[in-house]
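For reference, the structure discussed in these notes is given below.
The figures here come from the full heavy-atom set of this structure, side chains too, leaving out hydrogens, waters and symmetry mates.
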Amino acid sequence: MILWLIVQLVTTAALEDNLHKRFEYKHSFKGPSLTDVAGKVPFWDYGGSAMASTDSVRITPSIRSKQGWIWNKIQYVGSNWQVDFNIKVTGRGKIGADGMAMWFLQEIPTKGGSVFGAPNNWKGLGIFFDSFDNDNRHDNPAVLAVQNDGSITFDHGNDGKGQTLGRCVASFRNRPHAAQVRLQYYNKVLALSINPGITTRDSDFEECFKVQNVKLPPGGFFGVSAATGALADDHDVTRFLVYSLFEKTDKINLLSEDAKSKILTDYERYESELEEKKKKYRENHPGAEEVTETEDEQNLFYRSLIDYQVKLNDKFEQLQLEISKIGTGTSDTGDLSAVKSSVANIERQQSSIVRQIESTGAQLQNLLTIMNTLSGRSTSLDKDVKTIVMALTTTQSQMKDLQARKIPVCPTPPETGLTFLQLMCVLIMQTCVLLGYSIWRNRVEDARKKFF
């Protein structure tokens, strides 16, 4: 027995290492941005008591006799797949009901039903998470797989005994975390593993069942449903991720034929539109030549350099105008604060311009180095850039001379203060007032003490 288990584990690990998974976003959903602006789940329809939020889909609330469902609108056409989904079942009591189901059916049901919120006599596969122990065998909550070709009526009274492909007991109700379920169908082998929700570690998955020779149709619709009865639970789905499975050794095309055809059609349409636009442009501009990407980049550098030089010249002229105003200004004490503010503003502008000039000079030197390595570089553009660098260097030297030059200092206002004699008189008066107040206060306190 132990040897058989070791062989099974080794075979499963080797198979998983040899598989390639492709995520199918049109058959999946997950939080935190589960819904769109309209409150819908993209590529999915939900009904009954199901409600979608940004983090999860609540299939049924904890209210008695409710049914809810959510179905994928797009048919899955692959033959080998894997579904990773999280469910959270919570309720007030120790016993819950009824349960929920994950489906892979040939057709989407148009209404609810008696099998965990879906109709009976379905065609496809159902994975049931049965919370209520109908047969009193104390083997619930349980996970069971039931395949139906439309001729089987599910036996609720016996919890599907004799109708299941595989079954295991799993305590997934009222757990700290959502139960993580992994359902895989590959080469006619159906396997389910579950982490009941005690932890969120991937290493805590336990194999529930593994069934050989299960024949499912190549096309089907995924869905989830749930139902409550006399007892009620909240049934939530926080994520539902579908993957297509391929062997890594197979020479497969990861794109389907429809996807390849659409991409090829879009490319041909884009190519034809581009050629048509080029033709119209040549007709409207007969003497125009096509501009290469390198020339566009050089022209962009050139325009940015010219614009930067113009901005620096404007700031320099503004600075010169401010200095000339101060040099010819008046020494009236009423405008002293405004003049000082102007001087401080000019000094800040000088420092800012000098920093900008130094930074621009370094960038231009780096730009020249890059442009020297480009093939087909224009000689005139090189001369223009070097001219701008020389102009900026001259401007930088002028700014440094301007900072070294002493700006005329505005005259300070005459000092206004008390003389020594006036100060002594004020001190004597204050001393007399304090002394008189102290004598008056002592007399008042002596008068009050006579009454005690």
Side-chain angles (χ1 to χ4, degrees), residues 20-30 33-45 72-79 218-219 241-244 246 248 250-314 356 359-392:
H20 173 82
K21 296 194 301 183
R22 182 182 68 194
F23 177 61
E24 303 290 348
Y25 72 94
K26 291 185 179 180
H27 306 282
S28 308
F29 63 83
K30 68 174 183 176
S33 301
L34 194 148
T35 56
D36 56 16
V37 180
K40 302 293 184 180
V41 181
F43 311 112
W44 293 75
D45 277 335
N72 189 202
K73 296 185 292 185
I74 301 175
Q75 185 181 26
Y76 179 80
V77 295
S79 56
L241 308 180
V242 178
Y243 302 91
S244 294
F246 307 95
K248 292 182 180 179
D250 292 343
K251 294 182 178 179
I252 58 172
N253 193 342
L254 297 183
L255 288 176
S256 63
E257 292 298 327
D258 294 338
K260 281 200 311 182
S261 176
K262 184 177 183 303
I263 291 174
L264 185 60
T265 304
D266 292 342
Y267 177 74
E268 291 176 352
R269 177 169 51 82
Y270 167 76
E271 203 171 31
S272 61
E273 290 178 356
L274 182 61
E275 290 297 331
E276 186 179 353
K277 289 181 181 179
K278 285 183 178 180
K279 185 178 179 181
K280 289 182 180 180
Y281 181 80
R282 293 192 192 99
E283 291 176 356
N284 297 331
H285 307 82
E289 297 181 356
E290 293 187 3
V291 181
T292 62
E293 185 177 358
T294 305
E295 291 174 350
D296 284 340
E297 292 177 354
Q298 291 178 354
N299 291 334
L300 180 61
F301 281 131
Y302 185 80
R303 287 195 298 270
S304 63
L305 289 173
I306 294 298
D307 293 338
Y308 205 84
Q309 176 67 11
V310 170
K311 290 180 181 179
L312 286 177
N313 287 335
D314 292 339
Q356 291 177 2
S359 176
T360 306
Q363 292 176 1
L364 289 174
Q365 293 293 345
N366 188 21
L367 177 61
L368 279 176
T369 304
I370 296 173
M371 292 179 65
N372 286 332
T373 61
L374 295 175
S375 59
R377 176 176 51 87
S378 173
T379 306
S380 60
L381 179 61
D382 189 12
K383 291 181 180 179
D384 290 337
V385 173
K386 288 182 178 179
T387 304
I388 294 173
V389 172
M390 294 176 62
L392 286 173

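For K30, the NZ atom sits in a loose shell: 12 or fewer heavy atoms of surrounding residues, nucleotides or ligands are nearer than 6.0 Å. For Y270, the OH atom is loosely surrounded, since the number of other residues' heavy atoms within 6.0 Å does not exceed 12. No more than 12 heavy atoms of other residues, nucleotides or ligands sit less than 6.0 Å from atom NZ of K40.
The minimum heavy-atom distance between S244 and E24, with the atom names listed, is OG-OE2, 2.6 Å. Here the closest heavy-atom approach between residue H27 and residue V242 is recorded as O-CG2, 3.2 Å. Y76 approaches Y243 most closely through the heavy-atom pair OH-O, 4.2 Å.
For N72 (side chain) and S28 (main-chain N/O), no donor-acceptor pair under 3.5 Å exists by modelled atom type.
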Legend entry - Trace of the side chain to side chain contact (heavy atoms under 4.5 Å, CB included) decision for K279 with E283: CA-CA 6 Å; K279 185 178 179 181; E283 291 176 356; 3.7 Å; yes
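Taking the six-membered ring for Trp and thresholds of 30 and 60 degrees, W44 and F29 have ring planes more than 60 degrees apart, a perpendicular arrangement.
With rounding to the nearest 0.5 angstrom, the CD1 atom of I74 is 8.0 Å from the OH atom of Y25.
Remark: K277 does not engage E273 in a salt bridge, criterion side-chain N to carboxylate O under 4.0 Å.
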